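The shown structure was predicted, so the numbers you read here are calculated from the model rather than taken from an experiment.
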Amino acid sequence: MKRKQQAERGVREGRERDARGRDRPDRAQGAESSESTAPPRPSRSRPRRPQRDGQPPARARTGRSGQPPSAPKQARGGKARVTTPVDSLDGRLRVVPLGGVGEIGKSMMAVEYGDDMLIIDAGAKFPEEWERGIDLIIPDIRYVKNRLSKLRGILITHGHEDHIGALPYVVSQLEAMGKVPIYGSPLAMGFADNKLREGRLDEKVELHPVEPGERVKFGALEAEFINVTHTIPASYSIAIHTPAGTIVDTGDFKFDPTPVMGEPTDVDQLRRLGEEGVLALFSDTTRVETPGRTPSERTVMETFDRVIRNAKGQTLIATFASNISRVYMVLEAAEKYGKKVAVAGRSMEQNVRTALQLGYLDPPEGVLLPLNEVLKLPPDQRVLVITGSQGEASAALARIAADEHQKIHLGAGDVVLISATPVPGNEETVSETIDNLFRRGANVIFSSTEGRVHVSGHAAREELRDMIQLLRPRYAVPIHGEYRHMALYRNLAESTGIPKDRILMTEIGSLIEFENGKGGVRGRAPSGSVFVDRLGDFEPGKFRLRTRDDLTSEGLVTITIIVDAESGKLIAGPEFVTKGLSMEALASPIRQAEQELKRWLERRPEGEPEVGYLVSQAKGITARALFRKTKARPMILPMVLEL
């Protein structure tokens with residue numbers, strides 16, 4: 001009950017601060033706040049190490065609506081417009097992966113029985129090298145919008161971007177149903193709240209924090225939340241109980257016996273589900289290529305301890321903004337060696353503030369300070385936790401590597417630890433960032449030089465086998481991986497005794513149906529990817545969702561820039577080409593945008609170009625210049641060529 005009160009108080013206090021106009025997060029997406037401040041300190045009465053969130057299921061709790069989570073037993077938004085006829089399932093259970101199948105990222109799955117439908121996760125995917133100029137990629141939810149009267153809520157497995165990053169853009173498409181109910185752990189709901197407030201959508205949702213072991217009824221569907229270990233505390237697998245049988249979505253999981261935060265994976269609850277009977281297991285497959293078991297997070301803590309202890313200059317640690325476990329490790333080591341910690345990067349600041357409010361972090365007095373205060377200390381007393389471990393163009397690390405950060409600069413003796421491995425497709429961007437960090441004189445520690453800067457949160461092959469053996473599903477469906485991962489998982493599942501014809505290989509949009517204990521893929525739903533264009537971040541809360549079919553509906557501007565691969569000096573360009581726009585009306589604004597961009601490129605310090613950062617700046621400068629003069633919002637695709 002104490003933990004529950006802390007969580008509710010934290011969310012309530014955050015809401016009240018916004019109502020008074022203080023501590024409101026910077027709404028400009030993709031940009032850091034101009035003043036980095038330490039999050040407000042929580043009461044010392046909060047638990048230092050939040051453990052398992054379990055409480056008796058009968059315990060009442062409130063979300064944004066003040067209603068208990070079992071409230072949405074009937075269709076919310078029953079007056080929603082349905083754009084196409086809704087097919088009758090007649091006792092069939094249908095599951096439709098809308099993302100996260102055959103790819104890493106943008107996880108989303110619809111579960112439908114009769115007149116009730118749930119969505120599990122609403123994830124995003126970062127664009128790959130050849131998609132620069134696109135800000136984010138999210139699932140196409142036409143299937144959900146065409147059945148909006150059935151939708152009962154969105155369930156979240158955990159708070160990483162590939163599972164919650166699409167929430168603002170999904171919620172903005174569901175306005176016809178009224179307030180959208182969203183369920184997940186207190187931490188995941190805190191992170192979701194940050195995103196939705198930033199998008200000015202917080203009044204369009206009802207957030208319901210739920211604890212492990214709780215069951216929530218949604219008409220004919222009932223969701224059960226199961227604690228699992230991952231690289232972020234308060235992560236869940238989700239079982240959906242239906243009249244046709246029980247299915248389990250593992251989310252991202254591993255069997256870590258010594259997690260840094262929280263309890264180990266709830267093996268007893270998983271075993272009970274297996275004994276009761278599981279119709280189908282939808283399993284994470286990301287690390288099926290890796291034999292054995294994934295190491296514990298505690299091995300990363302040992303690396304952090306050693307690096308922070310031995311650093312003779314300032315220490316920068318780059319990690320995902322949502323990876324609160326890594327922030328906790330940094331705070332522990334810094335306290336031990338008498339150093340001070342600050343966080344930098346808008347999303348990192350927001351998430352740390354939320355973790356403090358909810359009691360997941362509780363550093364001793366004076367260890368976590370505002371960035372400005374820490375930067376006044378001698379370098380060997382500073383530890384900075386920053387965003388940008390994937391080389392993201394607008395994140396703190398890329399700006400520091402390009403020597404473009406307003407406050408943080410590197411010198412000889414400084415240490416940069418990148419606590420992540422590159423997501424497939426990001427390898428070149430991360431390599432460019434690392435090269436430029438070395439050019440600044442820093443000692444860079446990353447996955448190729450140090451084996452334990454990062455430990456995956458995903459189950460290796462033997463752990464995936466353990467999950468199958470605990471749940472003993474009739475059907476196995478590999479998800480959360482590229483096609484080779486899914487194919488290898490098929491082989492693994494078959495080796496556990498599941499017949500090959502009951503291992504279903506799917507793709508995005510597959511209509512998977514179960515009836516009378518039998519299942520199979522019965523067709524394909526409208527699906528795919530939608531590109532998020534944040535319009536250069538020049539207008540807070542504004543974005544465009546574009547599909548491949550309508551990329552040019554509001555016009556298209558391509559920018560070609562040629563730079564020296566060694567010095568970064570401008571060789572040629574920027575050259576603008578437009579499509580679907582009136583050149584007579586845009587001639588002057590285009591010339592002005594070209595001049596502004598050229599001046600910025602020529603003023604840049606010499607050094608190997610940070611291509612992702614150049615693309616981000618080219619898009620932002622051009623978008624702002626065009627919008628000031630024309631109010632036009634064309635798609636802008638910069639291309640940087642290195643010679």
Side-chain angles (χ1 to χ4, degrees), residues 75 77 80-125 137-155 162-163 166-167 169-174 176-177 180 218-221 238 240 242 244-245 247 249 279-283 475-483 486 503-515 518-532 545-550:
R81 293 187 301 273
V82 179
T83 57
T84 61
V86 178
D87 55 328
S88 173
L89 292 179
D90 297 326
R92 287 170 289 154
L93 169 63
R94 177 181 288 174
V95 182
V96 187
L98 297 173
V101 174
E103 62 183 356
I104 304 292
K106 67 182 180 73
S107 296
M108 175 181 274
M109 190 166 73
V111 181
E112 186 179 4
Y113 183 90
D115 293 329
D116 302 300
M117 180 169 61
L118 293 170
I119 295 173
I120 300 178
D121 286 331
K125 180 182 178 182
I137 304 173
I138 65 171
D140 184 330
I141 63 166
R142 280 176 291 169
Y143 183 84
V144 176
K145 291 193 291 184
N146 290 343
R147 292 156 176 76
L148 201 53
S149 63
K150 290 187 172 188
L151 183 59
R152 302 291 172 258
I154 301 174
L155 314 180
D162 56 336
H163 292 259
L167 271 176
Y169 314 107
V170 168
V171 167
S172 69
Q173 298 178 69
L174 303 179
M177 75 175 290
V180 181
F218 301 92
L221 304 174
I238 299 177
I240 306 293
T242 81
I247 66 169
D249 183 333
L279 175 62
L281 168 61
F282 291 76
S283 178
Y475 285 85
V477 187
I479 56 173
H480 294 178
E482 296 178 339
Y483 194 85
M486 297 164 60
I503 304 168
L504 306 181
M505 298 295 288
T506 63
E507 53 189 7
I508 293 173
S510 290
L511 296 173
I512 311 165
E513 293 185 351
F514 299 96
E515 185 177 16
K518 296 181 180 180
V521 178
R522 309 291 188 227
R524 185 87 179 270
S527 56
S529 295
V530 172
F531 303 127
V532 178
L545 301 180
R546 310 183 195 266
T547 66
R548 287 184 172 87
D549 296 332
D550 66 2

Quick one: pull up [atom1] in [X] and [atom2] in [Y] and give me the separation to the nearest 0.5 Å.
{"X": "Ser510", "Y": "Arg94", "atom1": "OG", "atom2": "CZ", "value": "12.0 Å"}
{"X": "Met117", "Y": "Tyr143", "atom1": "CE", "atom2": "OH", "value": "7.0 Å"}
{"X": "Arg92", "Y": "Glu513", "atom1": "CZ", "atom2": "CD", "value": "4.5 Å"}
{"X": "Leu151", "Y": "Asp115", "atom1": "CG", "atom2": "CG", "value": "13.0 Å"}
{"X": "Lys125", "Y": "Glu103", "atom1": "NZ", "atom2": "CD", "value": "4.5 Å"}
{"X": "Leu281", "Y": "Leu504", "atom1": "CG", "atom2": "CG", "value": "11.0 Å"}

Please examine the side chains of [Y] and [X], heavy atoms only from C-beta on, and report whether any two atoms are closer than 4.5 Å.
{"X": "Leu221", "Y": "Arg152", "result": "no"}
{"X": "Asp162", "Y": "His480", "result": "no"}
{"X": "Leu93", "Y": "Leu279", "result": "yes"}
{"X": "Ile119", "Y": "Leu98", "result": "no"}
{"X": "Asp140", "Y": "Ile508", "result": "no"}
{"X": "Ser529", "Y": "Lys106", "result": "yes"}
{"X": "Ile512", "Y": "Pro97", "result": "yes"}
{"X": "Ile247", "Y": "Thr242", "result": "no"}

Grab the two heavy atoms, one from [X] and one from [Y], that are nearest each other, plus how far apart they are.
{"X": "Val170", "Y": "Ala122", "result": "CG2-CB, 4.3 Å"}
{"X": "Ala124", "Y": "Ile138", "result": "CB-CG2, 4.2 Å"}
{"X": "Ala166", "Y": "Gly123", "result": "CB-O, 3.3 Å"}
{"X": "Pro478", "Y": "Thr506", "result": "O-OG1, 4.3 Å"}

Practice task
With side-chain contact (heavy atoms from CB on, under 4.5 Å) as the test, would you mind laying out the steps for Phe218 and Asp116 before giving the verdict?
Solution key: CA-CA 7 Å; Phe218 301 92; Asp116 302 300; 5.7 Å; no

Problem - Side-chain donor/acceptor of Ser527 to backbone N/O of Ala525, under 3.5 Å - result: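 Confirmed, Ser527 side chain pairs with Ala525 backbone.
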
Exercise for the section: Keeping the roles fixed (side chain from Lys150, backbone from Gly114), state whether a donor-acceptor pair exists under 3.5 Å. Expected result: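 Answer holds: yes.
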
Handout entry: Partner set under side-chain hydrogen bond (donor to acceptor under 3.5 Å, both in side chains) for Gln173, not counting sequence neighbours
Key = Lys145

Problem - Test side-chain contact (heavy atoms from CB on, under 4.5 Å) applied to Ile238 and Ile240, step by step - result: CA-CA 7 Å; Ile238 299 177; Ile240 306 293; 3.8 Å; yes

Practice task
Check each of Ile141, Val532, Val530 against Tyr169 using the side chain to side chain contact (heavy atoms under 4.5 Å, CB included) test, and report the only one that passes.
Solution key: Val532

Practice task
Apply the test side-chain contact (heavy atoms from CB on, under 4.5 Å) to residues Phe282 and Val101: give CA-CA distance (whole Å), side-chain angles for both, the deciding distance (0.1 Å), then the verdict.
Solution key: CA-CA 11 Å; Phe282 291 76; Val101 174; over 6 Å; no

Practice task
Identify, with sequence neighbours excluded, every residue that meets salt bridge (Lys or Arg N to Asp or Glu O under 4.0 Å) alongside Glu507.
Solution key: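 Scan of Glu507 (salt bridge (Lys or Arg N to Asp or Glu O under 4.0 Å), adjacent residues dropped) gives Arg524.
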
Exercise for the section: Report the residues that fulfil ring-ring contact (aromatic ring centres under 6.0 Å, His included) with Tyr475, sequence neighbours left out, ordered by chain and then residue number. Expected result: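 By the ring-ring contact (aromatic ring centres under 6.0 Å, His included) rule, Tyr475 matches Phe514.
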
Problem - Test log, rule side-chain contact (heavy atoms from CB on, under 4.5 Å), inputs Ile104 and Glu482 - result: CA-CA 6 Å; Ile104 304 292; Glu482 296 178 339; 3.9 Å; yes

